[in-house]
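A quick write-up on the structure given underneath.
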Amino acid sequence: MGSVILDKSYQPDEVEKRWYDFWEKEQLFAASENKTQKTYSIVIPPPNVTGVLHMGHALNITLQDILCRYRRLKGDNVLWMPGTDHAGIATQNVVEKMLASKNTHRHQLGREKFIEAVWQWKEKYGSAIINQLKRMGASCDWQRERFTMDEGLSLAVRKVFVQLYNEGLIYRGKYIINWCPRCHTALADLEVDHDEVNGNLYHIRYPYPNSTKGLIIATTRPETMLGDTAMAVNPNDNRYVGLKNNTVILPLMNKEIPIIKDEYVDMSFGTGALKITPAHDPNDFEIGLRHKLPSIVVIGDDGKMTSEAGKYQGLDRTECRKAVVKDLEEQGLLVKIEPHMHSIGHCYRCKTIIEPNLSEQWFVKAKPLAEKAIAAVKSGETKIIPDTWANTYFDWLENIRDWCISRQIWWGHQIPAWTCTTCNELIVSMDTPTSCTACDSTQLVQESDVLDTWFSSALWPFSTMGWPEKTPLLKCFYPTSVLVTGFDILFFWVARMMMMGLHFMDDVPFKDVYVHALVRDEDGKKMSKSKGNVIDPITIIDNYGTDAFRFTLAAFAAQGRDVKMSEKRVEGYRHFVNKLWNAARFALMHLGEEQKELILKDLSLPDKWILSRLYSIIDSVTDALEEYRFNDAASTIYNFVWHEFCDWYLEAIKPILYEKDKKGCRTSTMSVMWRVLHDILIMLHPFMPFVTEEIWHKFPGTEDSILKTAFPANEESKAKKLKNKDAEVEMEIIEKVITGIRNIRGEMNINPSLSLTAAIHTIDSQITEIVDRYENIILDLAKLESLTVTDPQERPKFAAAAVIDGASIFVSLEGIIDFEKEAGRLEKELEKLDNELSTITKKLNNDSFITKAPDDVVKKVKKKYLALIEKQDKLKTNLDKTRSFANN
RNA sequence: GGGCGGGUAGCUCAGUUGGGAGAGCAUCGGCCUUACAAGCCGAGGGUCACAGGUUCAAGCCCUGUUCCGCCUACCA
């Protein structure tokens with residue numbers, strides 16, 4: 001008897017902590033830097049250091065961990081590089097809030113003190129997310145954990161900046177950028193979320209000088225008119241060809257501004273006249289450049305009107321709009337207000353409405369970098385999976401605009417540029433210069449802006465591996481094998497890593513990009529704090545265990561489809577974890593300590609069958625994982641474990657284990673049970689690391705951690721030998737006999753404890769043989785007292801009949817049979833059969849099907865037809881008999 | 001405006017070269033059968049969004065319509 005008795009149900013909490021500590025202590029996740037083995041590497045999408053784990057991380061981490069653990073089991077030298085991102089604006093916001101609660105402000109502290117405070121904050125809270133990743137079971141190489149603000153990574157940032165500047169790919173200039181008045185910084189175009197809002201279209205008359213007549217423009221932003229420096233019409237617009245006036249008066253400001261002609265103006269919109277505000281609209285800015293118009297900044301960095309706005313100075317931009325509209329109305333210049341749907345940009349960090357503002361910023365010239373990034377995916381050097389995302393990737397890169405990389409915040413990599421206050425020379429350098437390169441002055445002031453956080457994360461795949469040094473790590477693991485990420489950062493991060501990787505490493509940063517979906521709530525809505533539909537992964541883990549949670553995520557992670565998460569689903573997979581646990585519990589009750597090899601002598605049919613099935617499952621799971629079909633892999637194992645291994649195999653071998661079946665070889669059967677469960681544990685390990693490790697250690701014939709074992713593979717000729725089609729066919733016959741009998745029991749409401757006798761009528765020698773040989777399996781699983789095989793003869797009267805291919809089974813129900821009920825049951829069967837038969841008959845009566853369909857298809861259909869006819873015949877006979885019995 | 005994805009059982013979804021419509025959960029009926037009631041056995045339930053087309057054959061391929069979701073864009 002068995003060596004270890006497991007508890008009746010699996011208790012995850014204690015197990016998880018114990019094994020994670022063990023794995024870390026033994027350094028089982030550590031990558032080796034010598035390149036003798038096949039290598040496999042992934043860099044983690046670094047979570048924000050301020051962040052807490054959400055569902056998106058949970059899915060992302062689970063998928064990466066499945067890949068990493070799978071690859072280790074396959075024998076690869078795996079590096080999973082972990083780390084966090086300094087998340088400039090987000091982190092600064094958090095710390096500023098903290099300061100505000102202490103009634104202070106960053107400007108009160110000063111830059112240096114403030115940055116110090118952020119570092120302190122990071123040290124204190126920055127490990128929260130890392131600990132949460134560990135609770136997910138993430139098998140990262142924690143010794144190598146990186147942070148985007150680490151010294152090494154900061155050096156990489158400076159190096160990249162200086163080189164790009166010297167190559168002319170970074171420049172500084174005064175352009176319209178997206179300004180967040182609340183975060184008080186410029187943002188890249190990508191960092192602006194556009195939302196449709198119900199706004200108004202204000203029609204305003206700009207009078208000609210000394211006239212009450214004038215031109216009418218339409219605008220959604222009347223407050224910007226204070227900064228208008230022209231009015232524009234299309235040169236092809238007939239309405240304005242013979243225009244006498246070439247100026248209008250800007251209302252409220254009482255300033256004469258020119259009427260210019262520019263083809264940009266859309267003649268079909270409104271009156272075809274457009275007001276031009278070069279300092280507050282990107283298009284107007286371009287037009288302003290073309291026509292050498294002055295730019296007047298009327299809205300300041302704080303969102304309030306500047307002194308250029310005259311009497312509106314100091315008003316907030318929203319208040320100013322109201323005031324302007326009111327004044328225009330009073331002066332009779334407001335023609336009308338129309339409701340107008342349009343989209344408005346919001347800051348992606350704080351949701352404040354973005355202000356397009358003229359300001360001096362740093363930019364990356366993106367086009368040349370983008371071209372290489374496009375080519376690498378076109379040529380297949382990097383594969384995007386699912387490939388539908390490649391189109392999105394191309395579309396963005398092909399239309400890319402220059403990337404504004406400077407941010408007016410303090411937390412981040414300060415731009416390595418200095419201005420000489422004496423001669424105004426701009427110096428860009430890796431190291432802090434001591435004197436001006438032009439005039440030798442020592443009066444140098446460093447650029448106060450910091451870089452966009454995504455600038456440093458774009459370097460992540462190589463900066464984490466020690467670049468610009470030529471490290472062994474880079475040699476081993478760059479390019480990385482795959483990047484696993486959500487589509488929401490395809491442009492932010494993936495495309496930019498491609499650009500930087502190709503430029504600085506001269507090679508793609510990853511061979512595959514696996515783009516997974518978003519996790520939504522059970523109604524398919526995006527989870528958000530404001531909606532209150534957020535499910536906290538840690539709560540799920542507390543309640544259901546990490547393994548159940550991970551398996552749920554994997555099982556629902558179908559390519560191209562969002563994951564809808566609900567506790568109920570996790571609960572379902574917790575049952576699966578428990579099922580596995582109990583299968584192991586059962587096995588361990590029988591297995592002895594000494595069990596450690598597969599014995600192939602005297603195998604029973606269930607043994608041959610389950611081994612055959614095991615080896616096809618190994619193939620399917622392997623293929624699915626190689627192709628990132630996580631849900632396929634998960635459901636394949638799930639069905640195998642539950643419905644084949646537990647429902648059929650373990651039940652079928654009970655007669656042998658309990659030595660009721662004298663013909664069985666108990667030793668061999670136990671070895672098969674051992675081997676199949678052994679391989680199941682390994683295959684499930686990437687999905688459910690904790691429970692598999694726990695069982696593994698109680699399992700005979702195993703030593704050390706399950707992480708150190710090998711994934712079952714089919715390279716051996718053994719696999720070929722063990723795949724056994726005959727056994728699968730034979731087992732199917734047994735299953736059908738048993739199911740037929742069970743069906744009768746169920747339909748006739750016969751208590752399972754009641755033992756019955758049954759007879760099988762058949763002339764099929766294969767069925768006869770199998771039923772005879774494996775009688776006790778059938779007796780056991782169908783709860784029969786006896787089963788006799790006979791040639792077709794007079795059917796027993798008090799019996800219910802089940803018809804399968806090639807045989808009728810009569811279950812003796814003497815004294816309990818209800819002929820009416822039995823007739824009803826058979827009629828129902830017959831009806832189903834008739835339906836099937838009619839479609840198949842139609843096919844066979846169709847000449848073109850016979851002539852045009854491939855032979856094997858026709859053959860199959862004919863065979864099916866014959867089988868159905870035979871079945872129909874038997875059912876009819878049985879029905880007739882039953883009816884006649886009923887009437888007697 | 002452009003692009004992408006989706007509409008299959010009550011719910012969530014699978015369905016890999018076109019050839020017998022599936023799973024889980026939920027529902028109904030029967031069971032504490034010595035691994036598991038977080039379980040076992042059985043059953044019911046679908047015009048595969050709609051309309052055409054190609055084909056011997058369409059959930060799958062083509063065209064159109066419609067509904068939903070997402071991404072993207074400087075029409076004031």
Side-chain angles (χ1 to χ4, degrees), chain A residues 5-6 8-10 176 189 194 201 217-221 224 232 264-266 268-270 273-277 281-286 340 342-343 356 386 388-389 391-392 395-396 399 487-488 490-491 517-518 520 522 524-526 548 555-556 558 560-562 564 566 568-569 571-590 623 627 629 631-632 635 638-639 643 646-647 650-651 654 658 738-739 742-753 780-783 828 836 839-840 843 846-854 856-858 860-861 864:
Chain A
I5 304 290
L6 300 181
K8 235 180 155 180
S9 65
Y10 173 64
I176 292 270
D189 296 335
H194 295 274
L201 199 54
I217 56 89
T219 179
T220 54
R221 304 202 53 201
T224 62
Y264 168 79
V265 182
D266 182 352
S268 63
F269 191 92
L274 177 65
K275 68 188 225 29
I276 304 296
T277 324
D281 181 282
N283 296 310
D284 292 6
F285 178 74
E286 293 296 324
H340 183 69
H342 62 140
S343 74
T388 159
W389 288 107
N391 292 328
T392 314
D395 189 60
W396 187 72
N399 299 302
F487 60 79
D488 48 334
L490 189 62
F491 309 140
L518 245 51
R520 299 174 181 282
E522 56 187 320
K525 295 205 186 76
K526 212 167 166 170
F556 281 98
R561 212 186 258 266
D562 287 339
K564 288 182 194 159
S566 81
K568 245 185 161 174
R569 284 172 205 147
E571 194 182 343
Y573 286 104
R574 182 179 60 171
H575 297 175
F576 177 59
V577 177
N578 197 51
K579 188 73 182 176
L580 175 73
W581 179 261
N582 273 289
R585 181 170 189 258
F586 175 77
L588 290 173
M589 284 174 166
H590 294 88
D623 290 349
E627 292 165 24
R629 288 183 286 113
N631 60 322
D632 285 347
S635 65
Y638 179 97
N639 284 319
H643 300 302
C646 291
D647 288 352
L650 290 183
E651 295 303 327
K654 277 179 181 175
Y658 292 116
I738 292 166
T739 307
R742 281 174 174 173
N743 177 281
I744 291 171
R745 302 193 76 120
E747 296 272 296
M748 307 298 272
N749 280 350
I750 295 161
N751 193 305
S753 58
D780 222 51
L781 298 195
K783 275 271 153 54
K828 204 175 67 183
E836 228 179 309
T839 55
I840 216 166
K843 245 185 197 179
N846 185 344
D847 281 344
S848 24
F849 172 72
I850 305 291
T851 51
K852 288 186 179 169
D856 58 320
V857 173
V858 177
K860 219 167 113 188
V861 173
K864 177 84 180 172

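Each chain gets a letter, A, B and so on, in the order its sequence line appears, and its residues count up from 1.
- Taken together, the paired segments of RNA chain B that extend over three or more consecutive Watson-Crick or G-U pairs, each closer than 3.5 Å at both contacts, are B:1-7 with B:66-72, B:10-13 with B:22-25, B:27-31 with B:39-43, B:49-53 with B:61-65.
- Here C56(B) is the nucleotide among G20(B), C70(B), C56(B) with the atom lying nearest to any side-chain atom of Lys852(A).
- If you check the side chains of Lys783(A) and Ser753(A), you find no donor sitting under 3.5 Å from an acceptor.
- Residue-to-nucleotide contacts include no donor-acceptor pair under 3.5 Å from the side chain of Lys8(A) to the base of C36(B).
- With C71(B), G42(B), A35(B) as the candidates, the nucleotide lying closest to the side chain of Arg742(A) is G42(B).
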So which protein nitrogen or oxygen atoms get under 3.5 Å of nucleotides 28-34 of chain B's nitrogens or oxygens?
| unit_1 | atom_1 | unit_2 | atom_2 | d |
| --- | --- | --- | --- | --- |
| G29(B) | O2' | Asn749(A) | OD1 | 3.3 |

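- Straight-line distance from the CG atom of Asp266(A) to the P atom of A76(B): 10 Å, rounded to whole Å.
- Lys828(A) places its NZ atom 5 Å from the P atom of G44(B), with the value rounded to the nearest Å.
- You'll find that the side chain of Pro854(A) is closest to C56(B), out of A76(B), C56(B), G20(B).
- As a whole-Å value, the separation of Asp856(A) CG from C56(B) P is 17 Å.
- Tested against Phe285(A), the residues Ile276(A), Ile176(A), Thr277(A) include a single side chain to side chain contact (heavy atoms under 4.5 Å, CB included) partner, Ile176(A).
- Of the candidates C25(B), G42(B), C75(B), the closest approach to any side-chain atom of Thr739(A) belongs to G42(B).
- With sequence neighbours excluded, the residues satisfying ring-ring contact (aromatic ring centres under 6.0 Å, His included) with Tyr10(A) are Trp581(A).
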